[in-house]
Structures are given as structure tokens and as C-alpha cells.
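Contents: one structure, followed by commentary.
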2 protein chains.
Amino acid sequence: MPSEKTVERLSLYRYLLYGILADGERNVFSHELAGMAAVSPAQVRQDMMVLGYSGSPNQGYEVGKLIASITEFLDDAHGRNMALVGVGNLGRAILSNFAGQRSRLQIVAAFDVDWQIVNRMVHGCWCYPLDKLSGVMRDQDITVGIICVPPAAAQEVADALCEGGVRGILNFAPYRLQVPDHVYVSNLNITVALEKVAYFAHHSPVRLETPSREEAKV
Amino acid sequence: MPSEKTVERLSLYRYLLYGILADGERNVFSHELAGMAAVSPAQVRQDMMVLGYSGSPNQGYEVGKLIASITEFLDDAHGRNMALVGVGNLGRAILSNFAGQRSRLQIVAAFDVDWQIVNRMVHGCWCYPLDKLSGVMRDQDITVGIICVPPAAAQEVADALCEGGVRGILNFAPYRLQVPDHVYVSNLNITVALEKVAYFAHHSPVRLETPSREEAKV
DNA sequence: GTAACGCTGTTAGTATTTTCACGAAGACCA
DNA sequence: TGGTCTTCGTGAAAATACTAACAGCGTTAC
């Protein structure tokens, strides 16, 4: 049972590993990965312990195998389908990021209330009217929702997602959703993130996250 | 010297407090604020310790005074100017979120390389060509940068921001920036956030962040 | 063949973050 | 006025996350 932070780092490692693979490298050491992810080598090795995979001394980790291990661990075998609700600027940004992405994790449907947006493709994803949400979710076996609507509409959307059988929600609206206990919610508040940066920019403390040495890749 | 998490929570508290104020409430208890922010009441009280302000027993905290205390603590007296680089979908989403916002923290300039976007207003913010970055930063006393460009361009933009005297950067590009030691960087990787949600949606662990009881506001 | 080196896996130790628990003080009621 | 009730402030305990240290092993050099 890994912690949230461990899962985040594994996801980041995998991303970095794809970059390494694209560069033609076949093996990587914990200190290299650590440099790219801005964590300590010991942290990397400890994170690897939750996977079944072991690297070899003096050779480090085999990039391809490691990617496979992380994928097996993070993703479910038959993939996960996600729905995005709220096709405004933020929603479109996310859709375009995920368009044509590898992976067992993909956005298979978008929803909005705006009739000018609805019933067409947006960045490779069909956009349905919001009132079709629950039905489409069941049809396409969607279990994860992304909320990109204004805060006033967020709870209503969350209710509909729960109605459709959602298991997890990534919520960008600055509103604390009320959902049944079995639904996992993660809130991502961009304003809070900005205020944090502004604070530490000027009260410059110990530096926590940044590499400073060791080249960073892709 | 508060931790990063403490600063994040203070920012969230302030946001919630504005909502409470708009509802006409003049006082609030730690357990109410805790319910809205999905943390424990003890956590709220402990966070308050870094501010100078004390609530009164049986009355709780005075909303207006508390907002003022947090603001004095988080924001600098004469405000902070920020620059946003990369006026794509994500950049526009952030600009529109901040447009017409209160506050001592505002985005005063946007930058892009696209000639179709440049030299006009976008969501209330003038968009300059990227090569004017350092100059405009100095003219407008900009100390915080937001990077919303593709990963391949992120380091180049970061270098320009540093050249312009930046103190803090919020980076949305999945790329670990190299910057001088005095520049604070926070990375926000949306794909990582999504993969985390997908993981815990299906490996449903202990529930960490959510209210479940206690009404949530705005 | 063997010694030395470098990196991994793992456990123990340290630091940080969160929760608990209790004393004190204002408000309300009789 | 005195008692009760609720809440805050705070220091100590618990839980969590991170770092450091070391044993084991493959590799390489001689």
C-alpha cells in the first residue's frame, strides 16, 4: 500500500524513463533517475521496492523492464477510461495533452452544457451534452472523472459522476466536493499553487524541489 | 518558517474565508474551517499559530481579521507582479481565472511566440512577443513566472525568466528546470495528478482528502 | 583467480508533519 | 456571582516521510 507521494513519483519516473528510452539508453542508475526527478537516489531505490522489479548491481535498471514494471503496478491490465467535464480552456488544454498519448489511461468522452461545443470532436474526443453523462459513463465503462467546470457547477457534476459509477475524481474547481466514501477525490487548485510560489519566491527558504546539478531530460 | 503545506493550507483557508464572508458570517470556528478544507480542527489551529492573530474562545475567529492576517502573512505589502508565458489553452485558462481577481497578486503580462496571439489583449492581459520578456519584466517589476509552454521550450523560457530577474516559477511543463539556486521552482504535472487519481480510484486505500460530513462552501 | 570497485536492496535512524490532550478563558444561564 | 459549556493555544505524542548506512553481488582489472 504505497503512499500518495510514492505513486506520484512512480508516475514521474515512468515519464522520465520514456524520455531516456527515446534517447537510446537501455540502462539507468538510481542516481541518474534521482537527478532528473529532483529526489535523492535513496528515495528512488526505496520507491522501487514496491514494484516487484529489481535492478542489477553495476548495471542499474533496465529501462524497458522498469517501465513495464511501473505500468503493471500503476495501471490496470485492461486500461482505464476517463471522462472530462467542462470543455473550456482548461478542459481543452487537458484534452490536447492527452490526445494521441500512449497508454492504458485515456479520456474517452468529454461533456459540456454549451450547445456550441457539444456534439462534435474536440482534440480527438467526442463532446456530449452534459445530461448524457451517466448514460455514456456506463456504456463506455468510465471510472475516472475530471472536473474542469466553474465552482458553482462542480458539486452538480460530481453528483452526476457518482450517479454514473465513478471511482475517482480529479477536481480543478476550488470547491470541496461531497461524495460517497468509496469515491477518491484529489483537488488541484491552481490559485493555491500560485500563491505558494509567490510566497516562497520572496521568503526564499531552503530550496526543496530542484535539481541544480545533474542534467534533466525531457 | 512555515512548511510548503502550511502555506498551501493558509491560501486555501483565505479562499474559503472569502466565501464565508460573502455569506454574511462574521465568525468561524476551527472545526468549521476544517470541514471545508478537509483537514482536522487541530491542523487549522496549528496553522493559525504562524500568524500573529488569535481567535477568541467561544467566538472562534473573526473572519475579516483572519483574512487580513493571512493576507499580511502571505502577500507582500506592495503586491507581486507575475508573468505568464505560453498563451495556449492552459495559459488562457489561468489568465481568465485571474482576470478581475482581487488581490496583491496579479498577472500583469503574458508572452507567446505566435504572431497571431501577440500584441493584443487576452482575458484582460496584454500579450507581448516572447523576445520582449526580460525587458518587460524589469519595467513592470515582475518577480514570478508561470510556464505554460511545451516541454521542449520550457528551459529556454526559464532561462529568459531568470535573465529578467525572476524569483519564483510555477512550471506546468513536464520538464525539470535548471535554474540558479535563489530561484524557487514548483512543478505541477497534470498527467501525474491524473495517474495518481486513476491509481487510487481502483486501489481505493484509506481515504485521505475529503470531507464526507460538514457542509462545504463555495 | 582474486581483489577492488560500484551499485542495488534493505534496514535502521532521523526529521518532519499531524494528531492528541489538557489548561485557560470568554459567554451564557440561573 | 458561580457554574457550566464550548472553544482556543500549545506542548507532547504519534504517525509519516525521508535519509543514511551497510551487506551482498556482479563486473572489471590485473
Side-chain angles (χ1 to χ4, degrees), chain A residues 1-13 17 20 25-63 65-66 69-70 73 196 200 205-212 214, chain B residues 1-13 17 20 25-63 65-66 69-70 73 196 200 205-212 214:
Chain A
M1 229 160 302
S3 70
E4 298 204 344
K5 294 195 171 183
T6 300
V7 171
E8 287 180 6
R9 282 192 298 263
L10 286 172
S11 169
L12 176 60
Y13 297 156
L17 288 165
I20 294 170
E25 297 288 335
R26 307 194 65 77
N27 291 81
V28 67
F29 295 122
S30 64
H31 67 266
E32 295 177 308
L33 206 48
M36 298 175 205
V39 301
S40 70
Q43 181 78 79
V44 171
R45 292 203 299 275
Q46 185 142 38
D47 288 336
M48 295 310 171
M49 285 178 68
V50 304
L51 312 173
Y53 178 69
S54 281
S56 84
N58 220 26
Q59 294 295 324
Y61 304 95
E62 212 172 320
V63 178
K65 294 261 183 69
L66 188 47
S69 284
I70 296 176
F73 181 82
K196 184 181 83 167
F200 285 112
V206 286
R207 296 184 71 252
L208 288 174
E209 46 177 329
T210 6
S212 83
E214 199 77 42
Chain B
M1 231 159 301
S3 70
E4 297 205 345
K5 292 195 172 181
T6 300
V7 171
E8 286 180 7
R9 282 192 300 264
L10 286 172
S11 169
L12 177 59
Y13 296 155
L17 288 165
I20 294 170
E25 296 288 335
R26 308 194 64 77
N27 292 82
V28 67
F29 296 123
S30 64
H31 67 265
E32 295 176 310
L33 205 47
M36 298 175 204
V39 300
S40 70
Q43 181 79 80
V44 172
R45 293 203 297 277
Q46 181 114 351
D47 287 337
M48 294 309 171
M49 285 178 68
V50 305
L51 312 173
Y53 179 70
S54 282
S56 84
N58 221 25
Q59 294 295 323
Y61 304 95
E62 211 172 319
V63 179
K65 294 261 183 71
L66 188 47
S69 284
I70 296 176
F73 182 82
K196 184 182 82 167
F200 286 111
V206 284
R207 298 185 69 253
L208 287 174
E209 43 178 329
T210 5
S212 82
E214 198 77 41

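Chain A is the first sequence line, chain B the second, and so forth, proteins listed ahead of strands; every chain is numbered from 1.
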Discussion item. The test is side chain to side chain contact (heavy atoms under 4.5 Å, CB included); show your working for A:Leu10 and A:Val50 and say whether it passes.
Written reply: CA-CA 10 Å; A:Leu10 286 172; A:Val50 304; 3.8 Å; yes
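Summarising the geometry, the separation between CG on A:Asp47 and P on C:dT8 is reported as 13 Å, rounded to the nearest angstrom. When the C1' atom of D:dC8 is taken as reference, atom CD of B:Gln43 falls 16 Å away, rounded to whole Å. Rounded to whole Å, atom P of D:dT16 lies 12 Å from atom CE of A:Met1. B:Leu51 places its CG atom 14 Å from the P atom of D:dC8, with the value rounded to the nearest Å. To the nearest angstrom, P of C:dT18 lies 12 Å from CD of B:Glu4. Atoms CZ (B:Arg45) and P (D:dT10) sit 11 Å apart, rounded to a whole Å. The OH-C1' distance, from A:Tyr61 to C:dC7, rounds to 9 Å in whole Å. With rounding to whole Å, B:Lys5 atom NZ is found 8 Å from D:dC18 atom P.
The phosphate of D:dG9 has neither OP1 nor OP2 within less than 4.0 Å of any side-chain N or O from B:Tyr53. Neither OP1 nor OP2 of C:dT17 sits under 4.0 Å from any side-chain N or O of B:Arg9. Put simply, A:Ser54 has no side-chain N or O that comes within less than 4.0 Å of OP1 or OP2 on C:dT8.
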Do any N or O atoms of the protein come closer than 3.5 Å to N or O atoms of nucleotides 26-30 of chain D, and which pairs are they?
from	atom 1	to	atom 2	distance (Å)
D:dT27	O4'	A:Asn58	ND2	3.2

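Residues B:Tyr53 and B:Phe73 have side chains not in contact (no heavy-atom distance under 4.5 Å, counting atoms from C-beta outward). A:Thr6 is listed as a side-chain neighbour of A:Arg9, based on a closest heavy-atom distance under 4.5 Å.
Nucleic acid contact for B:Ser3: sugar-phosphate only, since backbone atoms but no base atoms lie under 4.0 Å from a heavy atom of the residue. Across all strands shown, B:Met49 has heavy atoms under 4.0 Å from base atoms, whether or not it also approaches the sugar-phosphate.
Salt bridge annotation for A:Arg26-A:Glu62: absent, with no cationic side-chain nitrogen under 4.0 angstrom from a carboxylate oxygen.
Within the 3.5 Å criterion, the main-chain N or O of A:Phe29 finds a donor-acceptor partner in the side chain of A:Glu32. Formation of a donor-acceptor pair under 3.5 Å by the A:Ser69 side chain with backbone atoms of A:Lys65 is found in this model.
You'll find that the side chain of B:Ser40 is closest to C:dT19, out of C:dT18, C:dT19, D:dC18.
Results of the side chain to side chain contact (heavy atoms under 4.5 Å, CB included) test with B:Ile20 over B:Asn27, B:Leu66, B:Leu33 single out B:Leu33 as the only residue that passes.
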